[in-house]
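Beneath this line is the structure, given in structure tokens, with notes to follow.
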Amino acid sequence: MATNDLFFTQTGLDRGNVERITAEALKGSDDGELFLEYRLTESFVFDDGRMKSASFDTTQGFGLRAVAGEAIGFAHSSDLSEDAMRRAAGAVQAVKSGYSGTLASGPSRTNVKLYSDKNPIDGTPFAAKTKLLADIDAYARARDSRVRQVSCSLFGEWQAVEIIRPDGMTVRDVRPLVRLNVSVVAGEGDRQESGSHGMGGRTAYDVYMDPASWKGAVDEALRQALVNLQSVPAPAGVMPVVLGSGWPGILLHEAIGHGLEGDFNRKKTSAFAGLLGQRVAAAGVTVVDDGTIDSRRGSLSVDDEGTPTSRTVLIEDGILKGHLQDRQNARLMGMKATGNGRRQSHAYSILPRMTNTFMMAGPHDPQEILAGVKNGIYAVNFGGGQVDITSGKFVFSCTEAYRIEDGKVGAPVKGATLIGNGPDSLTRVQKVGNDLKLDTGIGTCGKNGQGVPVGVGQPTLLIEGLTVGGTAA
């Protein structure tokens, strides 16, 4: 369905009137837009042998934003009517009282489409989705007698947006998003351990309905659970840590990526503030944010200001090269917008956010990296973590990790946490593997109360001298 039908034909809104309201509300502003959104979401949760919940939701609304210098006036409503828009206009105009700016030029146009506009929710029958989860449960339980509990979930979304600028420019995008998650609890005697695996992207459900796909997810979740059943208490101390490829890039995302977002650097609250052009990482470390990868969870054809996304080099061979910018922070810093202006929905204002953030591959074979470690930890999967953007300090828990002894991967360990400082850890990277891998499409990033889908990734890395918190006596 075309966005014109969703936002004008079905609602009775007159496009000319809406454009006039927007132009008048933002007159004298430096920037701003009317953001129209229509979103369908559904989710299914299958747990303990039965369908635990199924939900469907339709949301729509608008957000009107006026940018005046460093200030932002923002109003939103779920009522798509001209009266609501006029009331919102009165609210946002207060931010530019006595202010007279010059409207910034609009973003460049693009015809790039990184994903299909097919609606995954309407494209797959309800019965097929519930059967998928029941099949996952049955398959997991049949795989191993030690399986005690299976939980799986399916999520789908279809979002249509239209961005109207005060100069009359209009940008449209239609965004599908799906995700499948599997969690398995396995036990022996009184001991139980869990494993999980998820996958997703900006596609329809088709790929996840394929048994080769969902059975692989179950097998991986079960493998992790069985590995953890054999785990021993993790050691503690300062030691070399080898990070696996793919999802461990979440540490890079949290401990480093947020510190390279434009607002934190403009306000000088980031540990990287003022270091552009300087060495911030070991030689060989190159980090990029790329929102242009087809069908990836973190990708967008255009961001929520209408700017085409891009491949932004943040760190190149250890040198800080750039920041992630929305239009406001880019203008105030004298830089170019990078297509990283994002919002959770029409009810939130714009923030500079990551898309798909990852470290590029290096020259080393992963087995060579492991063979060079006498005594350390090999961290393959991560759970939750905490990061202080200003200092760069982080704490991350490992959900799958192993001892490394005399260059060989040893027993799995339980209870390992990695403690360090993001900028400092970048300087401690000793070897970068040649096995760059992106995550399987499960990331959600939180910032200022807003969550948006993102991607992460990295090759195998050796970092010297990280603090490992463990439980071994």
Are the side chain of K431 and the backbone N or O of P363 linked by a donor-acceptor pair below 3.5 Å?
no
Decide whether Y38 and D5 meet the rule of one side-chain donor and one side-chain acceptor closer than 3.5 Å.
no
Distance-only donor-acceptor check, side chains D290 and T292, under 3.5 Å
yes
With side-chain hydrogen bond (donor to acceptor under 3.5 Å, both in side chains) as the criterion, how do E162 and T3 come out once you've worked through the C-alpha distance, each side chain's angles and the decisive distance to 0.1 Å?
CA-CA 7 Å; E162 185 163 325; T3 58; 2.9 Å; yes
Between M354 and T357, does a side chain to side chain contact (heavy atoms under 4.5 Å, CB included) hold up when you go through it step by step?
CA-CA 7 Å; M354 285 172 273; T357 311; 3.3 Å; yes
Do N4 and R172 have side-chain N/O donor and acceptor atoms under 3.5 Å apart?
no
Please report the closest heavy-atom contact between N434 and P366, naming both atoms and the distance.
OD1-CD, 3.4 Å
Does a side-chain N-to-carboxylate-O contact under 4.0 Å join R327 and D303?
no
Mark yes or no for whether W247, through its side chain, and T440, through its backbone, hold a donor-acceptor pair below 3.5 Å.
no
Is K27 atom NZ crowded by more than 12 heavy atoms from other residues, nucleotides or ligands, each under 6.0 Å away?
no
Do E157 and T41 have a side chain donor and acceptor closer than 3.5 Å?
no
Short side-chain donor-acceptor distance under 3.5 Å, E37 and H346
yes
Assess the side chains of N340 and T338: does a donor N or O sit below 3.5 Å from an acceptor N or O?
yes
Does the pair K113/D117 count as a salt bridge with the N-to-O cut at 4.0 Å?
yes
Output yes when a side-chain donor or acceptor of D439 lies under 3.5 Å from a complementary backbone atom of V456, and no otherwise.
yes
Tell me, yes or no, whether the heavy-atom count around F126 atom CZ, taken from other residues, nucleotides or ligands under 6.0 Å, exceeds 12.
no
Would you please say whether a donor-acceptor pair under 3.5 Å links the side chains of S397 and T417?
no
Mark yes or no for whether T22, through its side chain, and V18, through its backbone, hold a donor-acceptor pair below 3.5 Å.
yes
D289 and T312 side chains, donor-acceptor separation under 3.5 Å
no
In the structure I gave you, are the side-chain heavy atoms of N448 and Y348 within less than 4.5 Å of one another anywhere?
no
Between N421 and D424, does any side-chain donor sit less than 3.5 Å from a side-chain acceptor?
no
Do you know which of R343, R65, R353, R331 makes salt bridge (Lys or Arg N to Asp or Glu O under 4.0 Å) with E305?
R65
When you measure from the side chain of S270 to the backbone N and O of N265, does any donor-acceptor pair fall under 3.5 Å?
no
With rounding to the nearest 0.5 angstrom, report the CG to OG distance, D167 to S105.
8.0 Å
Any side-chain donor-acceptor pair under 3.5 Å between S151 and D47?
yes
Among L36, I164, L34, the one residue meeting side-chain contact (heavy atoms from CB on, under 4.5 Å) with T170
I164
Is any side-chain N of the basic residue among R20 and E24 closer than 4.0 Å to the acidic one's carboxylate O?
no
So, for S301 and T110, which heavy atoms are closest and what is the spacing to 0.1 Å?
O-CG2, 4.3 Å
Would you mind checking if D263 and R266 are paired as a salt bridge, meaning a charged N to carboxylate O distance below 4.0 Å?
no
List the atom of Q458, the atom of F358, and the distance in Å for their closest heavy-atom pair.
N-CB, 4.4 Å
For G443 and R297, the nearest pair of non-hydrogen atoms, with its separation, is O-NE, 2.6 Å
